[in-house]
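For the numbers below, each heavy atom of this structure counts, side chains included, while hydrogens, waters and symmetry mates do not. Order of the sequence lines fixes the chain letters, A, B, ..., with proteins taken first and strands second; residue numbering starts at 1 for each chain.
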Number of protein chains: 2
Amino acid sequence: MALEHAILVCLSEQDLSGYDLAKQFDTSIGFFWHASHPQIYRELRKLKDQGLLVSTDHSQVGKPNKTVYSLTDTGREALFAWSQRAVEPPAVKDELLVRLYALDDIDRPALMAQLHDRLEKHQERLRQYRRIKETQYASPDLSSRQQGKLIALEMGIRYEENWVSWCEEALETLTNRA
Amino acid sequence: MALEHAILVCLSEQDLSGYDLAKQFDTSIGFFWHASHPQIYRELRKLKDQGLLVSTDHSQVGKPNKTVYSLTDTGREALFAWSQRAVEPPAVKDELLVRLYALDDIDRPALMAQLHDRLEKHQERLRQYRRIKETQYASPDLSSRQQGKLIALEMGIRYEENWVSWCEEALETLTNRA
DNA sequence: CCTCTATATGTGTTGTTGCACATAGGCTGG
DNA sequence: CCAGCCTATGTGCAACAACACATATAGAGG
């Protein structure tokens with residue numbers, strides 16, 4: 001119950017090839033559910049076998065041809081049924097936080113460097129999310145689908161802001177204590 | 001590179017049996033790295049075979065005996081070496097956020113109910129984290145190990161606060177738009 | 001005496017993910 | 001003409017995690 005549904009979600013908006021899907025899973029929806037392309041192609045075949053998708057071959061000029069997938073009615077029903085199922089909050093799994101549990105037995109300067117690195121990475125993502133918000137969701141009149149995506153993006157922004165400020169404070173605390 | 005190190009981290013503070021470790025992975029360190037007991041017992045045997053741990057049998061009265069594990073010097077070195085390795089930020093994987101991407105094709109009242117449910121769960125965790133902070137980290141003079149744990153706990157608190165406020169606002173936005 | 005709960009430790013199976021590797025068309029620039 | 005890159009689609013394998021199931025001691029309470 002996982003990638004399968006994320007693919008149905010993507011295809012509920014528009015028909016896409018495996019390659020295009022992989023790009024979505026690297027950018028847009030990938031912020032909240034990442035997947036590699038081998039995973040995606042495998043899942044697409046499975047979903048097609050189950051009758052949730054159909055595929056059509058599109059010939060292209062200047063590029064290799066591609067196979068575009070669309071939701072069937074059964075697929076759309078499966079998406080709806082999935083949306084009614086309860087969701088558990090995902091478990092946090094973060095090595096950096098685990099390392100803080102052994103502050104006496106780890107390489108402290110290395111930890112500080114890692115915190116710095118994390119800070120920069122989260123700052124970069126934050127910039128990216130804010131750029132997306134400004135460029136794609138600035139309109140005052142969003143469709144309900146866009147509205148939903150914006151709410152998710154909002155979580156992304158807060159999540160990154162939270163990390164940025166936490167990293168800064170953690171670094172400060174650890175510096176004063178060194 | 002995963003549960004293995006979280007176990008080394010736990011044992012760097014004190015010797016523990018598999019059962020005690022499982023409890024830690026349900027409460028304390030489990031907030032940032034969860035594991036089930038079968039996983040833990042399997043990993044312990046592996047780490048022992050690798051020479052990172054040694055075990056001693058402790059007979060108990062009134063309870064079944066237990067096997068207590070301790071870090072060897074090699075184990076402590078492995079922990080230190082691991083702490084020097086770079087960490088990637090963990091990928092977010094959250095079905096609830098994925099569902100927001102298909103707001104037009106899902107069961108909207110069900111989504112609202114799920115948001116409510118999530119809100120309550122995060123509120124509960126937040127209460128739990130704050131309770132732990134007050135009861136275990138209130139002292140002005142913490143050891144450096146405790147200091148590290150507190151920094152991690154601080155992330156837990158902010159993380160939950162963030163979820164709580166996001167859920168509230170998401171519910172509000174979706175209500176006004178219905 | 002029986003059930004329930006807590007302590008204590010596992011096996012077996014399945015599902016998911018990640019990662020490395022494989023292939024192939026066609027454009028662009030040196 | 002060749003290298004490098006983007007498009008496009010896969011296979012194979014290993015690691016990891018989730019979940020159900022299995023087993024045993026011993027106290028507490030009905």
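Counting only residues at least two apart or in different chains, salt bridge (Lys or Arg N to Asp or Glu O under 4.0 Å) contacts with residues 25-43 of chain A comprise A/E43-A/K46. Within the structure, every pair that satisfies the salt bridge (Lys or Arg N to Asp or Glu O under 4.0 Å) test and touches residues 65-74 of chain B, not counting sequence neighbours, is listed here: B/D20-B/K66. Legend: ring-ring contact (aromatic ring centres under 6.0 Å, His included) pairs involving residues 46-65 of chain A, not counting sequence neighbours: none detected.
A straight line from CD of A/Q24 to P of D/dA8 spans 14 Å, rounded to a whole angstrom. In this structure, NE2 of B/H37 is placed 16 Å from P of D/dA17, rounded to the nearest angstrom. The nearest whole Å value for the distance from the NZ atom in A/K93 to the P atom in D/dA15 is 17 Å. Whole-Å rounding puts the B/E4 CD to D/dA17 C1' distance at 15 Å. When the C1' atom of C/dA8 is taken as reference, atom CG of B/D26 falls 14 Å away, rounded to whole Å. What separates CG of A/L16 from C1' of D/dA8 is a distance of 14 Å, to the nearest Å. Here the C1' atom of nucleotide D/dG10 and the OH atom of A/Y69 are 11 Å apart, to the nearest Å. Look at CG on B/L21: it is 13 Å from C1' on C/dA8, rounded to the nearest Å.
Listed by residue number, B/P38, B/Q39, B/R42 are the residues of residues 38-45 of chain B with a heavy-atom contact under 4.0 Å to DNA chain D.
B/F32 pairs by the ring-ring contact (aromatic ring centres under 6.0 Å, His included) definition with nothing, not counting sequence neighbours. By the side chain to side chain contact (heavy atoms under 4.5 Å, CB included) test, A/E88 is found to be paired with B/K121, residues two or more places apart in sequence or in another chain being considered. For A/Y19, there are no ring-ring contact (aromatic ring centres under 6.0 Å, His included) partners, not counting sequence neighbours.
Between A/T67 and D/dA8 there is no side-chain N or O to OP1 or OP2 distance below 4.0 Å.
Residues B/S59 and B/N65 share a closest heavy-atom pair of CA-OD1, 3.2 Å.
Comparing B/S17 and B/A91, the nucleotide of DNA chain C nearest to each residue sits closer to the 5' end for B/S17.
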Which donor-acceptor pairs under 3.5 Å do the side chains of residues 151-161 of chain A make with protein atoms, sequence neighbours left out?
| residue | atom | partner | partner atom | Å |
| --- | --- | --- | --- | --- |
| A/E154 | OE1 | A/K133 | NZ | 3.4 |
| A/R158 | NH1 | B/S165 | OG | 3.0 |
| A/R158 | NH2 | B/E169 | OE1 | 2.6 |
| A/R158 | NH2 | B/E169 | OE2 | 2.8 |
| A/Y159 | OH | A/W163 | NE1 | 3.3 |
| A/E160 | OE1 | A/H122 | ND1 | 2.5 |
| A/E161 | OE2 | A/R130 | NH2 | 2.7 |

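Note that OG of B/S12 is 12.5 Å distant from CD1 of B/I7, once rounded to the nearest 0.5 Å.
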Hey, what are the protein-to-nucleotides 2-7 of chain D N/O distances that come in under 3.5 Å?
| residue | atom | partner | partner atom | Å |
| --- | --- | --- | --- | --- |
| D/dT7 | OP2 | A/Y19 | OH | 2.7 |
| D/dT7 | O5' | A/Y19 | OH | 3.2 |

